[in-house]
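This report concerns only the one structure given below.
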Protein chains: 2
Amino acid sequence: MLFSKSCIYGLRASLYLASNQNGEYISIGKLSDKLDISFHFLTKILQQLTANDLLESLKGPNGGVRLSKPGKQITLLDIVLAIDGDELFQECVLGLPGCGMEKPCPFHEIWLHKRDDIKRMLETRSLAEMAKEGKEGHLRITPDGKYKWD
Amino acid sequence: MLFSKSCIYGLRASLYLASNQNGEYISIGKLSDKLDISFHFLTKILQQLTANDLLESLKGPNGGVRLSKPGKQITLLDIVLAIDGDELFQECVLGLPGCGMEKPCPFHEIWLHKRDDIKRMLETRSLAEMAKEGKEGHLRITPDGKYKWD
DNA sequence: AATATTTAAGAGTATTTTGTCTTATTTATA
DNA sequence: TATAAATAAGACAAAATACTCTTAAATATT
């Protein structure tokens, strides 16, 4: 599994938020309902994104969360790093500590390129861009595909 | 994490075995000692490889495990598939069931290439080849680097 | 000011992965 | 044939991940 479940949920919610970019807060209840993700679990995940200044939140009636800046300025990598950290882009395929140029494992050289490739893919794509593609291509971000990018 | 711990241990042990290719059985006790992997845990993992006909085992004195065929004929992918299955090469980045050409998620298209790339990398490299590179380059397959490809 | 609605925080539970231990089974060797 | 050395198998334990529940804090609305 490339990303943790938490990270996946965070990405899906972020894409939702990016597709509803009119500045208003969206409640986590609505998000969890639309995306079929447990409310409390999603709440915690979004708290991490808020703590990382990717989202901003408001308590109380009509409160919720929204992107802290235009979706064009938040990359997929931002979300991944905020939730899963940079382990995926740091760690050794064989799990060896301190695997690097100095004392590499047999996988080091070949994996380096792949993982940088993945990182670049996430880095060069914004939430806005992904959400736009999702909307235009009628792509899924829910298991049952019920979310229609209203 | 790309591979599970089990898979990592299986790969490291397989590389060890491929570097000691003179047909004799090597005890799991020796393997676990050299590679710093828990004996019982490693035993179970190697049983999976044996069950998949990648290794063959012999009980009793001078028993142990060895590659079931020349290391040149076993790919890294063989080991990965035997332990982790093909999930990594099948599953959706967003964890959506049945994500494919018909009803893709926004990541589908871009991830497809990356994962095929990784698969090809594992498919085109044999244990023998990797072990040879490891030996010649004095590369690590243990956390402390104490294994010296005797 | 009171109330209802929402996120924040943290304790608690369940599931999966990782690792340990014990007992059985096989087999080479003396 | 007895013994010791090894894998096989399965129960058990610990740790990490995933998920749930309860209570607190903030805030818009009446």
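Since we're looking at a predicted model, the values are computed, not measured. Per chain, numbering begins at 1; letters A, B, ... match sequence-line order.
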Using the rule given for salt bridge (Lys or Arg N to Asp or Glu O under 4.0 Å), can you reason through Glu56(A) versus Arg66(A), listing the C-alpha separation, both sets of side-chain angles and the distance that settles it, and then say yes or no?
CA-CA 6 Å; Glu56(A) 50 194 15; Arg66(A) 66 182 180 196; 2.8 Å; yes
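- Listed candidates were dA18(D), dT20(C), dT7(C). Nearest to the side chain of Ser38(B) is dT20(C).
- Of the two residues near DNA chain D, Tyr9(A) and Asn62(A), the one whose nearest nucleotide lies more 5' is Tyr9(A).
- Put simply, the side chain of Lys44(B) and the base of dT20(C) share a donor and an acceptor less than 3.5 Å apart.
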Apply the test salt bridge (Lys or Arg N to Asp or Glu O under 4.0 Å) to residues Lys30(B) and Asp33(B): give CA-CA distance (whole Å), side-chain angles for both, the deciding distance (0.1 Å), then the verdict.
CA-CA 5 Å; Lys30(B) 184 175 180 184; Asp33(B) 185 53; over 6 Å; no
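- Leu58(B) comes within contact range of the sugar-phosphate backbone alone, with a heavy-atom separation under 4.0 Å but no base atom that close.
- Nearest-nucleotide mapping onto DNA chain D: of Phe3(A) and Ser27(B), the residue sitting toward the 5' end is Ser27(B).
- Side-chain nitrogen and oxygen atoms of Ser6(B) include none within less than 4.0 Å of the OP1 or OP2 phosphate oxygen of dT17(C).
- Here dA28(D) is the nucleotide among dA28(D), dT20(D), dT7(C) with the atom lying nearest to any side-chain atom of Pro61(A).
- A donor N or O paired with an acceptor N or O is found under 3.5 Å between the base of dC21(D) and the side-chain atoms of His40(A).
- Side-chain proximity of Gln47(A) to the nucleotides dT7(C), dA8(C), dT18(C) is greatest for dA8(C).
- Distances shown here put a side-chain N or O of Ser57(A) below 4.0 Å from the OP1 or OP2 atom of dA8(C).
- The base of dT6(C) lies outside donor-acceptor range of the side chain of Lys30(A), with no N or O pair under 3.5 Å.
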